[in-house]
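Report on one structure; see the data block that follows.
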Number of protein chains: 2
Amino acid sequence: MDRSNYLPSVSIDCVILGFHDNELRVLLLKIKNLNIWALPGGFVELSQDLDLAATAVLKRRTGLEDIFLKQFKVFGAADRNQVETVDKMVADGILPEASRAWFAQRFISVGYYALVEYAEVIKPQPDFTSEACEWVPLNDLPPMIIDHTEIIKQAHITLKKELNYQPIGLNLLPDEFTIPELQALYETILMRKLDRRNFRRKILAYGILIDTGQRRMGAQNRAPIIYKFNKEEYQQVLARELESGIF
Amino acid sequence: MDRSNYLPSVSIDCVILGFHDNELRVLLLKIKNLNIWALPGGFVELSQDLDLAATAVLKRRTGLEDIFLKQFKVFGAADRNQVETVDKMVADGILPEASRAWFAQRFISVGYYALVEYAEVIKPQPDFTSEACEWVPLNDLPPMIIDHTEIIKQAHITLKKELNYQPIGLNLLPDEFTIPELQALYETILMRKLDRRNFRRKILAYGILIDTGQRRMGAQNRAPIIYKFNKEEYQQVLARELESGIF
DNA sequence: CCAAAAGTGTTCGGACTACACCCATGT
DNA sequence: ACATGGGTGTAGTCCGAACACTTTTGG
């Protein structure tokens, strides 16, 4: 693996969030032979846009493309390196001796977060340094490398703030869903209960839901209406928010 | 100048904003022998926190410390380098041949912005590559290097958004000021008129202003009350905002 | 006295909150 | 029938937008 193709000092970490069993989950890699987990990350090729490098990480781990991916913060503490971990991995033969210096260097890491539909990620892909790639509940994180716990925390804070000004759900929910399901997503992200009736009104007011005319049967209660996102309107609402601060 | 003390590939650009003559101004450096301007920037020492490096840039150019300085975005396009400009500067003897490679490399630049009190910056300091360091009105920018125009634009957008949830003015106004003066600052940042009465009510509701009991005399109209910021309350309001997304 | 701009109060409407009620579904 | 949770309506409250009047200052 030739490290000379990458920009030194710069890394990318992706907080890939999915929603399952009414829980927010983040995609993590378990480092071989160690009880330490890490965010999927990567480096930037010499002639590659930073955002593209992030997109490539997402693609590599999940197979997904065209997903909402957003830079949210840079992590640049002086002690952001992992000498001990790298030494151990070299000793275990996981990393070749030749790449010790590369991985042990200090990185400035750009944090990105993505929202993906859990079900569409068939088989998360570990890399050669990791023995597992799993969805881990956000509120039950294992020991993480360096500051990755903090990175996840910051991603979650960012997500909560975004929720106040933008609809969220496309990419995070299946194609078809009910309003109660969408509400469960919101409640999970915000970590608090919302009023059913007010939520419905607010979300319908966005004008981004399409009534499919179908209902979700099977439960021991009134069958809720199944909706789809009106993707054009959805994108327009997002764009309106982003535009809000034109120069 | 030994470049081996710095992290490669990573740079910092600071959008230092001041307020004067009812205009927002940004501190720019004019590159020697060229009609191109640049944001004050710098690099990160090998064992220096990223945020500290940004603070150092601010200190170096303005002499100011303990100023609100915030990371707002990373600029990582693949073509973010300045080969032609560097070649010209080396040819002109401004940059030593030995540092050509350093300055011509591709940088991932972390954007910071700062709000400073115009009057407190006595004499902005140019560096050895620049022949001037001046306050330039934000809506009358000269030709800028690489993507620095875009960086300033993004900083302004960020500032406008911050304004919606936080008070701004400490660091940007003199110690004593009137509410109409504070309103002029807001109107300049937001680039639109605000209602006098609603503005007054809203800003007083924050509880961060102290009536000094004095009035600004001299104008041909009723003398406005002079206020000071209640700095403790001000910081608390800011902290409350930042805390708002606790895990 | 007059122009100019500061200080004060009131009203209106929209958005969010907090509720109570009815309806459909599976057991 | 009944427990469960979905769909609908309504009154109260808060906040911001819009606007009219009075007060103070210098000329």
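Worth knowing before you read on, the calculation uses all heavy atoms, side chains too, and leaves out hydrogens, waters and symmetry mates. First the proteins, then the strands, lettered A, B, ... as listed; each starts at 1.
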For A:Pro224 and for B:Arg192, locate the closest nucleotide of DNA chain D by heavy-atom distance; then report the residue assigned to the nucleotide nearer the 5' terminus. A:Pro224
Not counting sequence neighbours, list each pair that qualifies as a side-chain hydrogen bond (donor to acceptor under 3.5 Å, both in side chains) and has a residue in residues 212-229 of chain B. B:Glu181-B:Arg216
Under 4.0 Å from any atom of DNA chain C, heavy atoms only: list the residues of residues 193-202 of chain A that qualify, in numerical order. A:Asp195, A:Arg197, A:Asn198, A:Arg201
Interatomic distance, CE@B:Met144 vs CD1@B:Ile31, rounded to 0.5 Å, equals 9.0 Å
Hey, which of these two, A:Arg222 or B:Ile226, hits DNA chain C nearer its 5' end, going by closest nucleotide? B:Ile226
Taking the six-membered ring for Trp, are B:Tyr165 and A:Tyr165 closer than 6.0 Å centroid to centroid? yes
Take the protein atom CD of A:Gln214 and the nucleotide atom P of D:dG6, then report the distance between them rounded to whole Å. 18 Å
Mind calculating the distance between CD1 (B:Ile225) and C1' (D:dT23) to the nearest angstrom? 12 Å
Between C1' on D:dT4 and CG on A:Asn221, what's the gap in Å once rounded to a whole number? 6 Å
What I want to check is whether the side chains of A:Glu150 and A:Gln154 have a donor and an acceptor closer together than 3.5 Å. yes
Pick the nucleotide of DNA chain C nearest each of B:Pro180 and A:Ala219; which residue has the one closer to the 5' end? B:Pro180
Checking all strands, does A:Ile179 fall into the base, sugar-phosphate, or nothing category for heavy-atom contacts under 4.0 angstrom? nothing
Any donor-acceptor pair under 3.5 Å linking the side chain of B:Asp49 with the backbone of B:Leu52? no
Listed nucleotide nearest any side-chain atom of A:Gln220, set C:dT27, C:dA4, D:dG7: C:dT27
So if I take residues 203-213 of chain B and measure heavy-atom distances to DNA chain C, which residues fall below 4.0 Å? none
What is the distance, rounded to the nearest whole Å, between atom CD of B:Glu187 and atom C1' of C:dA5? 13 Å
Determine which pairs satisfy side-chain hydrogen bond (donor to acceptor under 3.5 Å, both in side chains) with at least one residue from residues 201-211 of chain A, sequence neighbours left out, and list them in order. A:Asn198-A:Arg201
Atom CE of B:Met217 and atom C1' of D:dG27: how far apart are they, to the nearest Å? 14 Å
Would you say B:Glu187 and B:Gln183 are linked by a side-chain donor-acceptor pair, where the criterion is simply a distance under 3.5 Å? yes
When the distance from CZ of B:Arg215 to C1' of C:dA6 is rounded to whole Å, what number comes out? 8 Å
Give me each pair satisfying side-chain hydrogen bond (donor to acceptor under 3.5 Å, both in side chains) with a member in residues 111-122 of chain B, each pair once, sequence neighbours excluded. B:Asp51-B:Tyr112
Anything under 3.5 Å between a donor and an acceptor, one on a side chain of residues 60-68 of chain A, the other on a protein residue two or more places apart or in another chain? List them.
| residue | atom | partner | partner atom | Å |
| --- | --- | --- | --- | --- |
| A:Arg61 | NH1 | A:Gln125 | O | 3.0 |
| A:Thr62 | OG1 | A:Leu58 | O | 2.6 |
| A:Thr62 | OG1 | A:Leu64 | N | 3.1 |

